[in-house]
Amino acid sequence: MRNLFLFLFRFRGALVFGLLEIISLYLFITSNSYQRAAFFNSANSYAGTVLARRTQILDYFQLAEINQQLAAENAALRQQLFPADSTRREADSVALAPARADSLKRVRYQRPATKPDTLLLGQQLVAARDPSYPLIPARVINNMLHNVDNYLTLNVGSADGVVPGKGVVAAGGVVGRVKVVSAHYATVTSLLHSQTRIASKIKRDGTFGTIKWQGDDPTHALLDNVLRETKLVKGDTVLTSSYNSVFPEGIFIGTIDSFVKEPDKNFWTIRVKLGVNFANLTYVYIVTNRNKPERDTLETHTGMLPKGGTRP
């Protein structure tokens with residue numbers, strides 16, 4: 001305390017001068033409207049610059065959290081783009097009680113004023129607009145690219161609702177299918193895999209085919225099983241078809257880059273430029289098809305799908 005008093009006593013002149021300067025500046029600014037406005041504008045400018053720099057620094061350290069939030073939001077938005085397997089399920093009419101004057105007791109029908117949330121089908125309530133393909137956002141933490149059979153590793157697992165067999169898509173299109181799942185991680189069989197088959201179609205005319213990878217170029221795949229009688233156009237869009245239950249119908253796969261008629265085949269040799277850049281793949285979405293078990297059970301029972309078999 002004694003040293004503090006000595007310090008104040010030694011520099012009392014400078015301290016008094018500084019205090020008087022501050023008081024003079026305050027009186028000068030507050031008594032003059034122009035100077036007051038100029039001061040506050042300058043102060044706001046400097047404060048804004050400092051705050052902007054601080055925000056940039058904080059944002060840098062929060063990029064991972066921000067990206068996760070954006071991925072979750074994108075998943076919710078993309079889910080709205082996928083039509084449910086039960087689209088257009090809304091009732092076009094509802095039954096009304098017979099009129100008292102109607103001796104035949106005939107049931108009359110009228111169009112409902114609003115679309116119902118549920119329908120009664122076989123004494124069972126069925127959702128009228130139930131999304132069949134909810135999405136789970138995931139981060140790619142490992143990605144093989146240059147092998148014949150390539151895989152990806154995601155940072156989500158069974159604790160997040162992921163099970164083997166689910167489809168994986170990205171902003172650019174189809175990525176692959178979940179193969180193995182642990183509590184917090186999942187391994188995905190990439191589209192760049194020799195055993196991957198994806199039921200697809202050409203958007204322009206609905207021609208069906210199968211996408212498979214040739215094992216060489218990670219930017220292209222082969223569209224197989226398209227008859228030579230089919231008219232093709234370079235640049236045609238290739239989408240997922242309704243023949244598979246892993247992906248929703250209509251997900252982008254790529255565009256036709258080239259096609260050749262080979263004399264010893266009845267099918268076109270079609271190269272498709274893939275929509276997904278597998279060399280720069282960061283965030284993906286796992287697609288859940290709620291109707292897949294029911295469909296697989298039915299088709300296995302009728303012989304359309306072999307027991308233990310999988311659909312492309």
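One is the number of the first residue; the rest follow in order along the sequence.
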[Y] and [X], any side-chain heavy atoms less than 4.5 Å apart:
X: Phe252; Y: Thr255; answer: yes
X: Leu154; Y: Ile286; answer: yes
X: Tyr285; Y: Pro137; answer: yes
X: Ile211; Y: Arg197; answer: no
X: Leu223; Y: Trp268; answer: no
X: Thr153; Y: Val140; answer: no
X: Val188; Y: Arg177; answer: no
X: Tyr185; Y: Ile141; answer: yes

salt_bridge(Asp217, Arg271) N-O dist < 4.0 Å = yes
Members sharing Leu20's hydrophobic cluster (side chains within less than 4.5 Å) | Val16
Are [X] and [Y] joined in one hydrophobic group, where the rule is that I, L, V, M, F, W and Y side chains link up if heavy atoms are under 4.5 Å apart?
X: Ile198; Y: Val246; result: yes
X: Val168; Y: Tyr151; result: no
X: Val226; Y: Leu222; result: no
X: Phe267; Y: Trp213; result: no
X: Ile253; Y: Ile251; result: yes

Is there a donor-acceptor pair under 3.5 Å between the side chain of [X] and the backbone N or O of [Y]?
X: Asn155; Y: Arg139; result: yes
X: Lys201; Y: Glu249; result: no
X: Asp160; Y: Val162; result: no
X: Asn143; Y: Phe278; result: yes
X: Thr240; Y: Pro248; result: yes

Do Asp224 and Thr210 have side-chain N/O donor and acceptor atoms under 3.5 Å apart?
-> no
Working for side chain to side chain contact (heavy atoms under 4.5 Å, CB included), residues Thr207 and Leu227 | CA-CA 9 Å; Thr207 299; Leu227 293 173; over 6 Å; no
Here the pair of heavy atoms bringing Asn150 nearest to Leu192 is ND2-O, 2.9 Å
Considering all heavy atoms of both residues, which atom of Ala170 and which atom of Val276 are nearest to each other, and what is their separation?
->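 What the structure gives for the nearest pair is CB-CG2, 4.4 Å.
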Check the angle between the aromatic planes of Tyr243 and Phe208 and answer parallel, tilted or perpendicular using the 30° and 60° thresholds.
->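 Parallel, since the angle between the ring planes stays under 30°.
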Start with the C-alpha distance between Met144 and Leu152, add both sets of side-chain angles, then the distance that settles side chain to side chain contact (heavy atoms under 4.5 Å, CB included), and finish with yes or no.
-> CA-CA 6 Å; Met144 299 169 59; Leu152 300 93; over 6 Å; no
